[in-house]
Trainee: 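Sharing a structure, written as structure tokens. Questions coming.
Just so it is clear, the values below take in all heavy atoms, side chains as well, and ignore hydrogens, waters and symmetry mates. Counting begins at 1 with the first residue of the sequence.
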Amino acid sequence: MATFLYRLGRLAFRQRRRVLLAWVAVLIAAGIGISSVSGSTTDDFTLHGTQSQQAIDLLEAEFPQASAAGATARVVIEAPDGKKLTSAAHKAEVEALVDDLRAAPQVADVADPFSGGLVSASGAIAYAQVTYAVPQAKITTAASDALREVVRKGAGAGLAVSLGGNAVLDEGGSNAAELLGLLVAAFVLVITFGSLVAAGLPLLSAIVGVGIALCGITVASSFVDMASNAQTLSLMLGLAVAIDYALFIVSRYRGELLRGHRPEEAVGRALGTAGSAVVFASLTVIIALVGLSVIGIAMLTTMGLAAAFAITVAVLVALTLLPALLGFTGTRVANGRLTTPRMRAAERGRRTTTGVRWGRFVTRHPWKMLLASVVGLGVLALPAMSLRLTLPDDSMAAPGSTQRMAYDTLSKGFGPGFNGPLTVVVDARGSDDPDAAAKDTTALLEGLDDVATVRPPLFNQAGDVALITAVPGSSPTSEATVDLVSDIRERGTAAEEESGAQVMVTGPTALNIDVSAKLGEAMVPYLAIVVGLALILLLLVFRSLLVPLKAALGFLLSVVATLGVLVAVFQWGWLKEAFGVEQTAPIVSLLPILLIGVVFGLAMDYEVFLVSGMREAYVHGASPTEAIVTGFRNGARVVTAAAVIMISVFAGFLLDDVALVKSIGMGLAVAVLFDAFVVRMTIVPAVMTLLGDRAWSLPAWLDRVLPNVDVEGAKLRHLLDDRDRAAGLTGQAPGVPAHTDHPTAPVG
């Protein structure tokens, strides 16, 4: 791998104009592709094997007119202050809006507010339930425009009309998050390199990679049902890792220049060493994200595949376009005109860096630092014991959006449960008296405390399957509603033994509950797979048993601590005003799985860049403590800069108005903060100090069996150095001083 990347780097350097033109052509083609398609996204779930999906399949067969799998919309109408919709004038206006909805494209049925009892007790609020003949992913622009036209027409009549439900397409959001992340990244890169040229290269390559990836994902959404948050996650990860990977390679390139190599040779060596680690780190993230598909939820699969595609593009850009751009800049990357004398002294090894001082401090007080870090993360992890999962609904929509206004207005007029009615299906095909079974189920529902209203059963044409709508008294995401669904199912199972009729609960609320439960159950097996993969990969890289075990345990600690912070902020409401959280709610069920997959890759990234330097120093005769300090000397500054950039990119999404995006941004930012600075920069050196030589031990039989994976390109570097010494060449670049007084001079 290292030799191949060495040759690839030199080739891209020599053919820089062709490489640049090729990537520009790809970017233009991606732009043309996105302009010629109309992509769409969805939040629909299909979860086979659950009761809610089983009931939906039955309804599609027995109640085709109900469009059980079709998208739905709630058109919520509110009269002006002091007025009632039941007045003659407003009633006529509402009926006209209902007629417009019935005539809209793809609409299968519209429940009239006045004939369906969908007017509040005050008479000021009503809603029309719209059912479409197609699922959410197939809602056309014409159908969406028809809904917006109803809103405009209602506003013209003096009525406040808002839209909820999964048929309502989200409008474009703000770009403030990514812009803030780029600004912070630019600042950190300038501070790190002291050069505008060196700082601009990671940003430029990241923008190109993310642009191509997002265009490709948009094109793909025209052919597959893409999750609505797939692009957001891809943007977060693509931007963060693209900058980080370019940062690692540019830093190593500068280091090779400072060691006296000519630009072309420096590019080859940088790609053969840092590029190998980038490939390894990216593979861990990609594998973890692609692994989300084994859970069996289409929405999660598309999010994982889209993000994996964005990271793949970022790696390809870093391995080809970045060396080409370095060819255009030459040695100017190493001329840090914005550096201070102290920075230049540290770069040349004449001054002790902050990273080295921190490494020595930790190695002098390993027990204290280890206990403080573990106890601190443990305390932060305690709220995770109260973790509750849910799927996003309109209550998590951006404040001021039509979905959020519809949710709040409906809650005000009818109660929060009307935002998530339960569909109870009575399958009486095996019962002697279907009518009695439906009546008994209705009585059962009416006798439950948290049921606000129950509508009479509606039978299919054969008269053996009944459809009952029950409205909970609590909001769709509340624990009370989860308990209610569980209670109905338990009582239905008991009633089935007597009547022979099966009682099933479905609808968006029940389906969300089932999906959340499925994700909760999948979290531990998925975590085991990810941790197992980490152990195997790190065993190959470091040829040690204890280093991988320590890395995996540290990863687990950072994950549970992050979940604790998310529960405290988003579920309990601690400091919610500071983070712009409007209201508390359970954690979005997709987040823990995504967090595990993403943080795993990032954790291994930092582990490789720090510990590989320690291993190389130890192999060359340094004591365990000296090896730890050497690892910090070579990698601490770059890892710190990379972590700060990644935290900034993720934290920028806290500015988004959507609760799901906020929680993803905060979760990833906190996870990187904990893993980079607490686990990798503190716990890792403390544990390795305590282990001493045992940290690098490996049974002889295992050492013979394992392949030798040279992630940091140590063999390549020694081979090239031996070649240069044999040829009597220094390969020194003109205009760049060779600082050979410090063979392992810090990169960047």
Trainee: For Val559, which residues count as a side chain to side chain contact (heavy atoms under 4.5 Å, CB included) partner, sequence neighbours excluded?
Mentor: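 Expected list: Phe555, Leu563, Ile596, Val599.
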Trainee: Quick check: do Pro707 and Leu540 have side-chain heavy atoms less than 4.5 Å from each other?
Mentor: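 Result yes, sub-4.5 Å side-chain heavy-atom pair found.
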Trainee: Can you check whether Pro548 reaches Ile536 side chain to side chain, under 4.5 Å on heavy atoms?
Mentor: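 SC-SC contact between Pro548 and Ile536 ruled out.
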Trainee: Identify the two heavy atoms, one from Leu319 and one from Leu8, that lie closest to each other, and give their separation to 0.1 Å.
Mentor: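 Looks like O-CD2, 3.7 Å.
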Trainee: Mind running salt bridge (Lys or Arg N to Asp or Glu O under 4.0 Å) on Arg252 and Glu256 for me, showing each step along the way?
Mentor: CA-CA 6 Å; Arg252 187 59 57 88; Glu256 296 296 339; 5.4 Å; no
Trainee: Which one of Leu11, Thr3, Leu5 satisfies the side-chain contact (heavy atoms from CB on, under 4.5 Å) criterion with Arg7?
Mentor: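 Testing each of Leu11, Thr3, Leu5 against Arg7, the sole residue satisfying side-chain contact (heavy atoms from CB on, under 4.5 Å) is Thr3.
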Trainee: Taking all heavy atoms of Leu237 and all of Ala307, pick out the closest pair and write down the distance.
Mentor: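 For Leu237 versus Ala307, the nearest heavy atoms are CD1-CB, 3.8 Å.
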Trainee: Which pair of non-hydrogen atoms, one from Ala318 and one from Ile249, has the smallest distance, and what is that distance?
Mentor: O-CD1, 3.6 Å
Trainee: Side chains of residues 359-381: which donor-acceptor partners sit under 3.5 Å, not counting sequence neighbours?
Mentor:
unit_1, atom_1, unit_2, atom_2, d
Thr363, OG1, Gly359, O, 3.1
Thr363, OG1, Arg360, O, 2.8
Ser373, OG, Met369, O, 2.8

Trainee: Taking all non-hydrogen atoms of both residues, which atom of Tyr245 and which atom of Ser282 are closest, and how far apart?
Mentor: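 Reported closest heavy-atom pair: OH-CA, 3.3 Å.
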Trainee: How close do Ala641 and Val188 get, heavy atom to heavy atom, and via which atoms?
Mentor: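 Smallest heavy-atom distance, with atoms named: O-CG1, 3.8 Å.
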Trainee: If you measure from CG on Leu321 to CG on Leu20, what distance do you get to the nearest 0.5 Å?
Mentor: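 The distance works out to 6.5 Å.
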Trainee: Sequence neighbours left out, what pairs pass salt bridge (charged side-chain N to carboxylate O under 4.0 Å, His left out) with at least one residue falling in residues 556-567?
Mentor: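 Pairs touching residues 556-567 that pass the test: none.
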Trainee: What distance do Leu325 atom CG and Thr320 atom OG1 have between them, rounded to the nearest 0.5 Å?
Mentor: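 Nearest 0.5 Å value for the CG-OG1 distance: 9.5 Å.
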Trainee: With no hydrogens and no angle check, is any side-chain donor or acceptor of Arg10 less than 3.5 Å from a backbone partner on Gly268?
Mentor: no
Trainee: For Phe13, is the NZ or CZ atom of Arg16 found under 6.0 angstrom from the centre of its six-membered ring and inside 45 degrees of the ring axis?
Mentor: yes
Trainee: Arg14: which residues meet the side-chain hydrogen bond (donor to acceptor under 3.5 Å, both in side chains) condition with it, sequence neighbours left out?
Mentor: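 Glu264.
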Trainee: Give every residue pair that meets the salt bridge (charged side-chain N to carboxylate O under 4.0 Å, His left out) criterion with at least one member in residues 677-705, sequence neighbours excluded.
Mentor: Arg543-Asp703, Glu607-Arg680, Asp675-Arg680
Trainee: Within the 4.5 Å heavy-atom criterion, are Thr682 and Trp358 side-chain neighbours or not?
Mentor: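 Sidechains of Trp358 and Thr682: in contact.
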Trainee: Between atom CG of Leu289 and atom CD1 of Ile593, what is the distance when rounded to the nearest 0.5 Å?
Mentor: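 Going from the CG atom of Leu289 to the CD1 atom of Ile593 covers 12.0 Å.
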Trainee: Kindly indicate whether the side chain of Arg615, heavy atoms from C-beta on, has any atom under 4.5 Å from the side chain of Val547.
Mentor: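 They are not in contact (no side-chain heavy atoms under 4.5 Å apart), so the answer is no.
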Trainee: Can you sort out the partners of Ser697 under side-chain hydrogen bond (donor to acceptor under 3.5 Å, both in side chains), two or more places apart, ordered by chain and number?
Mentor: none
Trainee: Got a second to check how far Leu668's CG is from Met646's CE, nearest 0.5 Å?
Mentor: 9.5 Å
Trainee: Just to verify, what does Trp696 make a side-chain hydrogen bond (donor to acceptor under 3.5 Å, both in side chains) with, not counting sequence neighbours?
Mentor: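 Listed in chain order: nothing, the list is empty.
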Trainee: For the residue pair Arg254 / Ser251, report whether a side-chain donor-acceptor contact shorter than 3.5 Å exists.
Mentor: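 Their side chains do not contain a donor-acceptor pair, so the 3.5 Å distance test is not met.
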Trainee: Taking the side chain as every heavy atom from C-beta outward, state whether Leu698 and Leu706 have any pair of such atoms under 4.5 Å apart.
Mentor: yes
Trainee: Would you please name every residue forming a side-chain hydrogen bond (donor to acceptor under 3.5 Å, both in side chains) with Glu626, sequence neighbours left out?
Mentor: Ser623
Trainee: Taking side chain to side chain contact (heavy atoms under 4.5 Å, CB included) as the definition, give me every residue that meets it alongside Phe579, ordered by chain and number, with sequence neighbours left out.
Mentor: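 By the side chain to side chain contact (heavy atoms under 4.5 Å, CB included) rule, Phe579 matches Val569, Leu575, Val581, Leu654, Met666.
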Trainee: At what distance, to the nearest 0.5 angstrom, does CZ of Arg269 lie from CG of Leu257?
Mentor: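 The distance works out to 11.5 Å.
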Trainee: Side chains of Leu702 and Leu545: does their closest heavy-atom pair fall under 4.5 Å?
Mentor: yes
Trainee: Under the ring pair (Phe, Tyr, Trp, His ring centres under 6.0 Å) rule, what pairs show up with a residue in residues 668-692, not counting sequence neighbours?
Mentor: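 Sorted pair list comes back empty.
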Trainee: Applying side chain to side chain contact (heavy atoms under 4.5 Å, CB included), name anything that partners Ala310, two or more places apart in sequence or on another chain.
Mentor: Ala213, Ser234
Trainee: Under 4.5 Å between any side-chain heavy atoms of Leu673 and Phe650, yes or no?
Mentor: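 Result no, sub-4.5 Å side-chain heavy-atom pair not found.
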Trainee: Quick check: closest heavy atoms across Ile645 and Ile243, and the distance to 0.1 Å?
Mentor: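 Heavy atoms only, the tightest pair is CG2-CG2, 3.6 Å.
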Trainee: Distance from Leu591 atom CG to Leu387 atom CG, nearest 0.5 Å?
Mentor: 9.0 Å
Trainee: If we only count heavy atoms from C-beta on, is the Glu265 to Tyr6 side-chain gap below 4.5 Å?
Mentor: yes
Trainee: Any chance you could lay out the side-chain contact (heavy atoms from CB on, under 4.5 Å) test for Trp23 and Leu316, step after step, and finish with the verdict?
Mentor: CA-CA 10 Å; Trp23 277 107; Leu316 293 176; 4.1 Å; yes
Trainee: Can you tell me if CZ on Phe187 sees more than 12 non-hydrogen neighbours from other groups inside 6.0 Å?
Mentor: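 Result for CZ/Phe187: open.
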Trainee: Does anything in residues 240-251 form a salt bridge (charged side-chain N to carboxylate O under 4.0 Å, His left out)? List the pairs, not counting sequence neighbours.
Mentor: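 Counting only pairs at least two positions apart or across chains, no salt bridge (charged side-chain N to carboxylate O under 4.0 Å, His left out) contact touches residues 240-251.
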